[in-house]
Amino acid sequence: RIVTGKRDIESYFNSKCMCEIPAVAKKRTSNAANAMLKLSPSLSGFSETIRVLKQRVHLHLNRKNTKIVGITSAVAGEGKTTVAYNLAKTLSGGDGRVLLIDMDLHNRSIQNILNRKHEVSDAGITDVVTGKIGIDDVINSVSDTFDVLFAGEENIKFKKNRFQPFFDYL
């Protein structure tokens with residue numbers, strides 16, 4: 001089946017769609033990559049959608065007593081990194097703490113974008129899984145309430161049983 005919108009998600013998966021993110025035409029350059037991490041008036045439709053998504057996710061997390069949100073897609077370039085980063089950043093503005101984990105073990109988008117702005121280690125969860133470094137040594141603080149765990153430098157395949165102990169710890 002091909003999913004093209006909210007109705008398809010709700011009918012095919014018998015699940016409620018939290019939010020539709022509008023398409024934003026923006027050429028990706030090194031400057032655009034840095035700018036995409038900032039909600040701005042020039043992206044007001046996108047910014048408003050992220051705020052709506054934040055409210056819905058926050059309500060859902062509280063109602064379901066869960067702590068994990070996943071952003072996924074089978075197609076590259078659809079905005080997973082942009083949505084994940086901006087959602088995490090807006091959720092971190094509240095009382096709690098947010099840890100954004102980049103599980104794109106092949107592309108490492110968040111790692112690449114943040115390393116343009118900050119001098120941080122490229123080590124991440126793959127380095128922890130392979131035993132090179134401890135989990136607490138690879139969490140990068142963006143602010144007092146927002147941390148990022150990069151994918152890492154090691155090229156490994158995802159196997160749930162290897163990663164599960166670290167997800168449980170986090």
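In what follows, residues are counted from 1 in the order of the sequence shown.
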Stepwise side chain to side chain contact (heavy atoms under 4.5 Å, CB included) check, Ile156 with Arg162: CA-CA 10 Å; Ile156 63 172; Arg162 289 180 80 184; 4.3 Å; yes
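Lys80 and Gly77 get closest at one heavy-atom pair: NZ-N, 4.4 Å. For Ser109 against Asp102, the heavy-atom pair with the smallest separation is N-OD2, 3.6 Å.
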Residues 127-134, side-chain donor-acceptor partners within the protein, below 3.5 Å, at least two apart:
residue: Asp127; atom: OD2; partner: Gly124; partner atom: N; Å: 2.7
residue: Asp127; atom: OD2; partner: Glu153; partner atom: N; Å: 3.0
residue: Thr130; atom: OG1; partner: Thr126; partner atom: O; Å: 3.0
residue: Thr130; atom: OG1; partner: Asp127; partner atom: O; Å: 3.2
residue: Lys132; atom: NZ; partner: Glu154; partner atom: OE2; Å: 3.1

Residues 53-60, side-chain donor-acceptor partners within the protein, below 3.5 Å, at least two apart:
residue: Arg56; atom: NH1; partner: Met18; partner atom: O; Å: 2.5
residue: His58; atom: NE2; partner: Asn62; partner atom: ND2; Å: 3.3

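Lys67 has its side chain out of reach of Leu61: every pair of non-hydrogen atoms, C-beta onward, lies at least 4.5 Å apart. In this structure the side chain of Ile135 reaches within 4.5 angstrom of the side chain of Leu170, judged on heavy atoms.
Rounding to the nearest 0.5 angstrom, the gap separating the CG atom in Leu87 from the CD1 atom in Ile71 is 5.5 Å. Between the CZ atom of Phe150 and the CD1 atom of Ile125 there is a distance of 13.0 Å, given to the nearest 0.5 Å. Taking OG1 of Thr145 as the reference point, atom CG of Leu91 lies at 10.0 Å (rounded to 0.5 Å). The structure places CE of Met103 at 11.5 Å from CD1 of Ile110, a figure rounded to the nearest 0.5 Å. Here Phe146 contributes atom CZ and Thr90 contributes atom OG1; the two are 9.0 Å apart, rounded to the nearest 0.5 Å.
Under a 3.5 Å cut-off, the side chain of Arg51 and the backbone N or O of Phe46 do not form any donor-acceptor pair.
Hydrophobic cluster membership differs between Phe167 and Leu100, with clusters built from Ile, Leu, Val, Met, Phe, Trp and Tyr side chains linked at under 4.5 angstrom. Under the 4.5 Å side-chain contact rule for hydrophobic residues, Ile139 and Phe163 share a cluster. Under the 4.5 Å side-chain heavy-atom criterion for Ile, Leu, Val, Met, Phe, Trp and Tyr, Leu99 and Val142 are members of distinct hydrophobic clusters. Connection of Val148 to Leu105 is not established within any shared hydrophobic cluster, with ILVMFWY side chains joined at heavy-atom distances below 4.5 Å, either directly or through further cluster members. Under a hydrophobic clustering in which Ile, Leu, Val, Met, Phe, Trp and Tyr are joined whenever their side-chain heavy atoms come within less than 4.5 Å, directly or via other members, Tyr169 and Ile101 fall into the same cluster.
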